[in-house]
Structures are given as structure tokens and as C-alpha cells.
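Working notes, beginning with the structure itself.
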Amino acid sequence: MEWLEQVKARFARPAKPEHLRRGALGERAAKIYLRKAGLKFLAANFRSERGEIDLIFREADCLVFTEVKTRSSEDWARPAAAVNAERRRRLSHCALDYLRLLKNPEIKIRFDIVEVLLANGAVREIRHLPNTFPMSKPYRYG
């Protein structure tokens with residue numbers, strides 16, 4: 001049986017760090033929440049060389065680029081406060097890369113933030129903050 005344990009150990013994935021597990025839980029909860037709100041899910045964890053967008057949806061004639069912030073407490077600040085100017089710039093760049101892949105369609109865009117609050121490892125509250133910020137200057141679309 002020892003050889004079986006060695007094989008398992010060799011091919012077993014290491015456990016994800018806690019912050020990544022919390023983040024994945026928050027993204028799943030946000031996706032379900034926004035779909036129930038009527039948004040059409042398009043993509044998760046879109047990556048380009050300039051950044052990553054957690055979730056992308058479509059609502060009517062608007063593409064919605066969504067940043068999900070998951071926290072177990074609000075003792076220091078609201079989760080949305082973590083989306084600073086640098087993060088907004090990276091999201092804007094990545095959104096432009098996504099739009100370029102779609103051949104720059106004539107469509108409205110917006111950037112939303114979803115705050116997911118956890119309690120004892122489970123989702124306690126979800127807050128959707130639509131149209132939270134514009135595309136970073138000097139960039140623009142449309």
C-alpha cells in the first residue's frame with residue numbers, strides 16, 4: 001500500500017490557500033446572484049497580458065465587466081475600497097483587450113463591483129454596485 005500512497009502524493013494537487021478558496025466562493029456566489037438578477041453570463045476569469053476580469057455579463061445592450069471582492073469582515077473598510085486607481089486601470093486595459101477580441105463591437109460598457117461578505121466560511125451578504133467607475137483615463141470606448 002505504500003506505493004499507492006506515493007503515487008497519490010505525486011499526482012495530488014496541493015490544497016489552495018485559504019484566500020483563493022474564499023475568492024472562488026465569492027465569484028461563484030456573485031455569478032449566481034447576477035444571473036438571478038437577469039444578467040447573461042459570458043465569461044469568468046478572462047485574462048490578458050494586462051490583467052484579469054473576474055466575471056463578464058451582458059445586460060440588454062451593455063457589456064458588464066465585474067470585479068468581485070470577497071471579505072470575511074468589514075472591520076477596516078468596505079471590500080469595494082480595494083478597487084483602487086491602479087486596479088481600475090488594469091480592469092480598463094483588460095476590458096479593452098476583451099473588446100478587441102470581439103472586433104470592437106458598438107456596445108455600451110460598464111464596470112460593476114460585487115461585494116461578497118462571508119461568515120463562518122459561508123456567504124452572508126452580497127452587494128451589487130452597478131456602474132461603479134468609468135473606464136480609466138485616458139482610455140475610452142465607443
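The basis for the numbers below is simple: all heavy atoms, side chains too, and nothing from hydrogens, waters or symmetry mates.
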Give the cluster check for [X] versus [Y]: same hydrophobic cluster or not, with ILVMFWY residues linked at side-chain heavy-atom distances below 4.5 Å.
X	Y	value
Phe65	Leu101	yes
Ile113	Leu118	no
Leu117	Leu25	no
Val114	Leu42	no
Leu102	Ile53	yes

Once rounded to the nearest 0.5 Å, what's the spacing between atom [atom1] of [X] and atom [atom2] of [Y]?
X	Y	atom1	atom2	answer
Asn45	Ile56	CG	CD1	9.5 Å
Thr66	His128	OG1	NE2	6.0 Å
Lys69	Arg127	NZ	CZ	15.0 Å
Asp97	Arg50	CG	CZ	4.0 Å
Asn104	Ile107	CG	CD1	11.5 Å
Arg89	Cys94	CZ	SG	12.0 Å

Does [Y] offer a backbone N or O that forms a donor-acceptor pair with the side chain of [X] under 3.5 Å?
X	Y	answer
Glu115	Ala80	yes
Asp112	Asn131	yes
Asp54	Val68	yes

Sub-4.5 Å side-chain heavy-atom contact between [X] and [Y]:
X	Y	value
Tyr33	Val123	no
Leu129	Arg78	yes
Tyr98	Ile109	no
Phe111	Glu67	no
Val83	Leu91	yes
Leu55	Phe41	yes
Leu34	Val64	no

- Message: Could you report the tightest heavy-atom contact between Thr70 and Arg22, atom names first, then the distance?
- Response: CG2-O, 3.5 Å
- Note on the structure: Taking every heavy atom of Arg87 against every heavy atom of Ala82, the minimum-distance pair comes out as CB-O, 4.5 Å
Is the [atom1] atom of [X] crowded by more than 12 outside heavy atoms at less than 6.0 Å?
X	atom1	result
Arg88	CZ	yes
Glu49	CD	no
Glu86	CD	yes

- Task: Pick out which of Lys108, Arg110, Lys40 makes a salt bridge (Lys or Arg N to Asp or Glu O under 4.0 Å) with Asp61.
- Result: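 One option only clears the test, and that one is Lys108.
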